[in-house]
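Read the structure below first, then the notes.
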Amino acid sequence: MSVVFESPLFLASVIFVLGLFGFMARRSLLFLFLSIEVMLLASAYAFVTLSNQLNDIDGQLMFLTILAVAAAELCVGLAIIIRFEERNKSLNADSADHLKG
Amino acid sequence: MVTLYISTIFSILAIALALSSRQAMHALLYLLLGLAALSINLANSGSPLAGVLLMIIYAGAIMVLFVFVVMLLNRAPTSTSITAASFVKQFIGPLTFSACLFSFLVFAQIMVIQTPSEEKTAFTVNQISEVLFLDGWFFVEMISLLLTAALIGAFHIGKRREQ
């Protein structure tokens with residue numbers, strides 16, 4: 001039983017599921033991006049700890065890539081959020097269901 | 001091992017609180033605490049470079065970007081009067097949480113002093129940077145191109161247009 005809790009994949013999966021739940025449950029665009037960040041964080045954590053366990057250095061490189069991808073994605077996403085809020089006067093993701101314009 | 005358990009519990013709790021809190025700023029602060037706990041976890045389980053990078057990049061850059069956007073959107077209620085009750089109500093959660101994290105940090109340092117670490121560091125910074133800049137230089141260039149593209153994209157999208 002305690003082997004499960006000591007495994008780094010346990011923590012990674014818990015954090016990933018938390019992020020997924022947040023992504024499905026919240027409706028504010030800001031929280032959707034926060035949840036995506038949490039999910040990326042969980043996968044990065046899994047990469048690093050598994051690279052330590054399996055003695056393979058590629059996991060560390062994947063960690064750096066995930067950090068950079070998260071930063072790039074968030075940069076564009078937050079700009080879109082600002083434009084969206086200017087146009088719709090709300091951050092509700094449900095009000096973005098028509099694609100015109 | 002105790003440090004690992006406690007930081008695991010801390011990070012799960014903080015991230016759950018972050019994703020379920022009502023105010024965006026509180027969510028960001030909780031997420032910062034969760035990141036701190038997670039980086040303690042990483043540094044403790046043999047990858048200190050990843051832990052430090054987590055603090056510098058995630059907490060130092062990405063979360064600050066979030067804070068800037070929250071300030072730009074300015075969707076907080078504009079009540080300037082802060083009563084004592086509302087102050088306590090707003091700050092009791094983050095305050096207890098960060099106090100717990102602080103005492104845990106002190107506890108972890110005492111533990112480290114008492115028991116010299118038998119944790120192995122799987123990869124040193126030297127090894128990682130060697131792989132990154134000798135064999136994987138193309139990879140680094142790709143990341144830098146990606147970041148430049150993101151910068152230009154964010155600038156183009158965020159530009160205020162005349163309508």
Side-chain angles (χ1 to χ4, degrees), chain A residues 2 5-6 8 10-11 14-15 18-23 25-26 28-31 33-35 37-38 40-42 44-45 47-49 51-61 63-65 67-87 90-91, chain B residues 1 4-5 7-8 11-12 15-16 18-21 24 27-28 31 34-35 38 41-42 45-47 49-51 53-54 57-58 61-63 65-66 68-70 72-73 75 120-123 127-128 131-132 136 139-140 142-144 146-147 149-151 153-160:
Chain A
S2 80
F5 293 122
E6 281 172 20
F10 171 72
L11 177 57
V14 168
I15 293 175
L18 277 177
L20 191 64
F21 178 75
F23 187 79
R26 303 300 297 255
S28 164
L29 271 179
L30 209 64
F31 277 96
F33 269 95
L34 217 59
S35 312
E37 287 304 309
V38 168
L40 278 173
L41 182 70
Y45 178 81
F47 265 115
V48 170
T49 45
S51 104
N52 269 352
Q53 276 192 357
L54 306 179
N55 210 18
D56 186 348
I57 205 164
D58 290 343
Q60 308 271 346
L61 301 192
F63 175 75
L64 293 176
T65 324
L67 282 193
V69 168
E73 167 248 327
L74 193 76
C75 185
V76 176
L78 289 180
I80 292 177
I81 284 184
I82 289 175
R83 298 295 302 165
F84 182 83
E85 204 271 345
E86 267 180 18
R87 178 173 294 213
S90 88
L91 279 179
Chain B
M1 197 40 90
L4 214 61
Y5 275 128
S7 62
T8 301
S11 52
I12 291 175
I15 290 174
L19 291 181
S20 63
S21 84
L28 293 180
L31 199 57
L35 284 174
L38 206 61
N41 194 327
L42 274 177
S45 60
S47 40
L49 178 71
L53 278 181
L54 199 72
I57 298 181
Y58 252 95
I62 296 182
M63 287 301 123
L65 211 61
F66 260 112
F68 282 157
V69 167
V70 170
L72 269 178
L73 294 177
R75 300 191 57 79
K120 79 274 176 229
T121 310
F123 297 110
Q127 281 172 306
I128 295 170
V131 171
L132 203 58
F139 187 74
V140 177
M142 265 171 32
I143 288 178
S144 68
L146 174 73
L147 287 175
L151 179 69
F155 183 72
H156 180 72
I157 293 169
K159 198 170 57 179
R160 205 176 287 271

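Throughout, protein chains are lettered first and strands after them, A, B, ... in sequence-line order, and every chain is numbered starting at 1. These numbers come from the heavy atoms of this one structure, side chains and all, not from hydrogens, waters or symmetry mates. Everything numeric here is computed off the predicted structure, so don't read it as measured data.
B/Ile143 touches chain A through its side chain: at least one heavy atom from C-beta onward sits under 4.5 Å away, while N, CA, C and O do not. At a 4.5 Å heavy-atom cutoff, the contact between A/Leu40 and chain B is made by backbone and side-chain atoms alike. Heavy-atom distances place no part of B/Ser144 under 4.5 Å from chain A, backbone and side chain included. If you measure heavy-atom distances from A/Ser51 to chain B, the contacts under 4.5 Å come from both the backbone and the side chain. Using a 4.5 Å cut-off between heavy atoms, B/Ala16 contacts chain A through both its backbone and its side chain. At a 4.5 Å heavy-atom cutoff, B/Phe68 makes no contact with chain A through either its backbone or its side chain. With a 4.5 Å cut-off on non-hydrogen atoms, A/Ile15 touches chain B through its side chain but not through its backbone. Only the side chain of B/Ile57 comes within less than 4.5 Å of a heavy atom of chain A; its backbone N, CA, C and O stay farther away. Heavy atoms of B/Ile12 lying under 4.5 Å from chain A belong to its backbone as well as its side chain. Using a 4.5 Å cut-off between heavy atoms, A/Phe23 does not touch chain B at all. For A/Glu86, the part lying under 4.5 angstrom from a heavy atom of chain B is the side chain only.
Atom CG in A/Leu11 sits 4.5 Å away from atom OH in A/Tyr45 (nearest 0.5 Å). Between B/Leu19 atom CG and A/Ser35 atom OG the span is 4.5 Å, to the nearest 0.5 Å. To the nearest 0.5 angstrom, A/Arg83 atom CZ is 9.5 Å from B/Ile157 atom CD1. A/Phe63 contributes atom CZ, which lies 5.0 Å from atom CG of B/Leu54 (distance to the nearest 0.5 angstrom).
Taking 4.5 Å as the limit, some side-chain heavy atom of B/Met63 sits within range of a side-chain heavy atom of B/Leu31. Contact check for A/Leu29 versus A/Ile80: no side-chain heavy atoms found under the 4.5 Å cut-off. At least one side-chain heavy atom of A/Asn55 sits less than 4.5 Å from a side-chain heavy atom of B/Phe123.
Between chain B and the residues A/Ile81, A/Thr49, A/Leu30, the most heavy-atom pairs under 4.5 angstrom are made by A/Leu30. Heavy-atom pairs under 4.5 Å with chain B peak, among A/Val76, A/Ile57, A/Val69, at A/Ile57. In terms of non-hydrogen atom pairs under 4.5 Å with chain A, the most contact-rich of B/Leu49, B/Leu72, B/Leu42, B/Leu35 is B/Leu42. Between chain A and the residues B/Ala150, B/Gly136, B/Ala61, the most heavy-atom pairs under 4.5 angstrom are made by B/Ala150. Among the candidates B/Val140, B/Leu53, B/Leu28, the residue making the largest number of heavy-atom pairs closer than 4.5 Å to chain A is B/Leu53. When A/Ile82, A/Val48, A/Leu34 are compared by the number of non-hydrogen pairs under 4.5 Å with chain B, A/Leu34 comes out ahead. Per-residue counts of heavy-atom pairs under 4.5 Å with chain A were compared for B/Ser21, B/Gly34, B/Ala149; the largest is that of B/Ser21.
Of all heavy-atom pairs between A/Phe31 and B/Ala27, the closest is CE2-CB, 3.4 Å. When all heavy atoms of B/Val70 and B/Ala24 are compared, the closest pair comes out as CG2-CB, 4.0 Å.
Open room surrounds CZ on A/Phe21; 12 or fewer heavy atoms of other groups in view lie less than 6.0 Å from it. Other residues, nucleotides and ligands contribute more than 12 heavy atoms inside 6.0 Å of the CZ atom of A/Phe33.
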